[in-house]
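One structure is given here, and the rest of the page talks about it.
Computed from a predicted structure; not experimentally measured. Throughout, protein chains are lettered first and strands after them, A, B, ... in sequence-line order, and every chain is numbered starting at 1.
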Number of protein chains: 2
Amino acid sequence: MLKQETLSKNQQIVLDYIEKVNEPIKAYSILHNVQKKGIKAPLQVYRALDKLVEIGKIHKIESRNAFVACKNSNCQISKATAFSICEGCEEVSEISDSKLSKYLKNFQDKAGMKFNKYNLEFFGLCKKCSIK
Amino acid sequence: MLKQETLSKNQQIVLDYIEKVNEPIKAYSILHNVQKKGIKAPLQVYRALDKLVEIGKIHKIESRNAFVACKNSNCQISKATAFSICEGCEEVSEISDSKLSKYLKNFQDKAGMKFNKYNLEFFGLCKKCSIK
DNA sequence: TACACAATGTTATATTATAACAATTAACAC
DNA sequence: GTGTTAATTGTTATAATATAACATTGTGTA
Ligand SMILES: [Zn+2]
Ligand SMILES: [Zn+2]
Ligand SMILES: [Zn+2]
Ligand SMILES: [Zn+2]
């Protein structure tokens, strides 16, 4: 079978919603908001999320248990992700910095382990929150 | 009041256990294993974990919802952490690389956000798992 | 002593995620 | 088209992770 090129119905419903809200959103919040589209159970959401993460359409913000649409057309495979997270307003943005990604892709730890994936989360205060 | 210098009873019990097992361990697994010491409820474990993370004695591996003792005497404050995680055997080790930490501490995103903390998780296969 | 704050104990509940199994749909080879 | 395989869906139940709320006790300090 060829590699999937189109999303399934539930995958598309979930992705549409995540792209629309345009900020990190939690699985059960997605569920509540797509029930009018016919998705009834958590598992239907989680299965769609798994696939969307796998193909790089969305990313999981691990420290927040939340999901966000990919804003970086270069990371189609979800294997090299970096985010900045404001601890004041919880605003999250995906970092797209070629020097950073190059540095991290080439990083070798002392045990010589070869990495195929990384996730980096920076925390701080955004401009708005830091002047409060 | 002076800054806490000694750990409380429950904090010490939980830390002792995490240091003993010497690998990432989950909160409810900790609970089961410290019940003989008198800790009875999840909240007692989570409160101890929160404090231990705060003071840098342990770290949370976000992608695994697990906790591990700090192996890097330099990161007493839990604000700059990096781990390598084997996706085969789930072995986790804390990365201590001064060049990496310097690079990340000084990283500035395009929005000029000032970071005070980061967490980086690398994924791959350890030597043992990669020859299988 | 009185005060402030940290830590504890306890019960209940909220939140996040997966197991198990049956049924349906989509893609492909022939 | 038919048969085959894998992906997807639907459904119920349950597991795993984490916090709310509130009363109580301990600890350092003035
Ligand atoms: Zn991305
Ligand atoms: Zn902010
Ligand atoms: Zn550490
Ligand atoms: Zn391994």
Side-chain angles (χ1 to χ4, degrees), chain A residues 1-18 21 23-68 87 90 92 119 121, chain B residues 1-18 21 23-68 87 90 92 119 121:
Chain A
M1 191 181 295
L2 287 177
K3 196 175 175 186
Q4 181 191 32
E5 280 160 20
T6 58
L7 297 176
S8 75
K9 187 186 64 163
N10 288 356
Q11 290 160 13
Q12 191 66 55
I13 289 169
V14 170
L15 178 58
D16 285 348
Y17 183 67
I18 295 175
V21 298
E23 63 185 19
I25 185 162
K26 287 163 174 271
Y28 276 75
S29 174
I30 294 169
L31 175 60
H32 294 142
N33 283 283
V34 297
Q35 285 185 326
K36 50 191 166 237
K37 301 276 185 183
I39 290 180
K40 291 173 185 164
L43 199 43
Q44 295 174 291
V45 172
Y46 278 103
R47 287 198 281 224
L49 290 172
D50 283 350
K51 174 63 77 170
L52 293 169
V53 166
E54 184 189 325
I55 64 179
K57 291 284 190 183
I58 65 172
H59 303 301
K60 183 173 185 182
I61 310 298
E62 293 286 358
S63 66
R64 299 296 187 262
N65 296 318
F67 300 85
V68 69
E87 292 180 305
E90 293 295 323
V92 170
N119 179 56
E121 297 181 5
Chain B
M1 190 183 292
L2 287 178
K3 194 173 175 186
Q4 181 191 32
E5 281 159 20
T6 59
L7 297 175
S8 74
K9 187 187 65 165
N10 288 357
Q11 290 160 13
Q12 192 65 57
I13 290 169
V14 170
L15 178 59
D16 285 347
Y17 182 67
I18 295 175
V21 298
E23 63 185 19
I25 186 163
K26 285 163 175 273
Y28 276 74
S29 173
I30 295 169
L31 175 59
H32 295 142
N33 283 283
V34 297
Q35 285 186 327
K36 50 191 165 239
K37 301 276 185 182
I39 290 181
K40 290 173 186 163
L43 198 44
Q44 294 173 293
V45 173
Y46 279 104
R47 287 197 282 224
L49 290 173
D50 282 351
K51 176 61 78 171
L52 293 169
V53 166
E54 185 189 325
I55 64 179
K57 292 284 190 184
I58 65 172
H59 302 301
K60 183 174 185 182
I61 311 297
E62 293 285 357
S63 65
R64 299 296 186 263
N65 295 319
F67 300 85
V68 69
E87 292 180 307
E90 292 295 323
V92 170
N119 180 56
E121 297 180 6

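- Applying the side chain to side chain contact (heavy atoms under 4.5 Å, CB included) test between Ile13(B) and each of Asn33(B), Leu7(B), Val34(B), Ile18(B) identifies Val34(B) as the sole match.
- Ser8(A) has a side-chain polar atom (N or O) that falls below the 4.0 Å cut-off from OP1 or OP2 of dT9(D).
- The two residues Leu49(A) and Ile30(A) have their closest heavy-atom pair at CD2-CD1, 4.0 Å.
- Residue Lys26(B) places no side-chain N or O under 4.0 Å from the OP1 or OP2 atom of dA16(D).
- Heavy-atom minimum distance, Glu62(A) versus Glu121(A): N-OE2, 2.9 Å.
- Closest contact between the side chain of Ala41(A) and the listed nucleotides dT12(D), dT8(C), dT8(D) involves dT12(D).
- Nearest heavy atoms, Val14(A) versus Ala48(A): CG2-CB, 3.7 Å.
- Comparing dG9(C), dA19(C), dG10(D) by their closest approach to the side chain of Lys9(A) singles out dG10(D).
- Closest to the side chain of Leu43(B), from the set dT9(D), dA20(D), dT8(D), is dA20(D).
- When each of Arg47(B) and Asn65(B) is assigned the nucleotide of DNA chain D with its nearest heavy atom, Asn65(B) is the one assigned upstream, toward the 5' end.
- Of the side-chain N and O atoms in Lys60(A), one or more sit less than 4.0 angstrom from OP1 or OP2 of dA17(C).
- Proximity of Gln44(A) to the phosphate of dG10(D): a side-chain N or O atom is located under 4.0 Å from OP1 or OP2.
- Contact between the side-chain N/O atoms of Asn10(A) and the OP1/OP2 oxygens of dA7(D) is not found at any separation under 4.0 Å.
- Ring-to-base geometry places Tyr28(A) in a stacked arrangement with dT16(C) (centre distance under 5.5 Å, plane angle under 30°).
- With dT18(C), dT10(C), dT8(C) as the choices, the nucleotide that has an atom nearest any side-chain atom of Pro42(A) turns out to be dT18(C).
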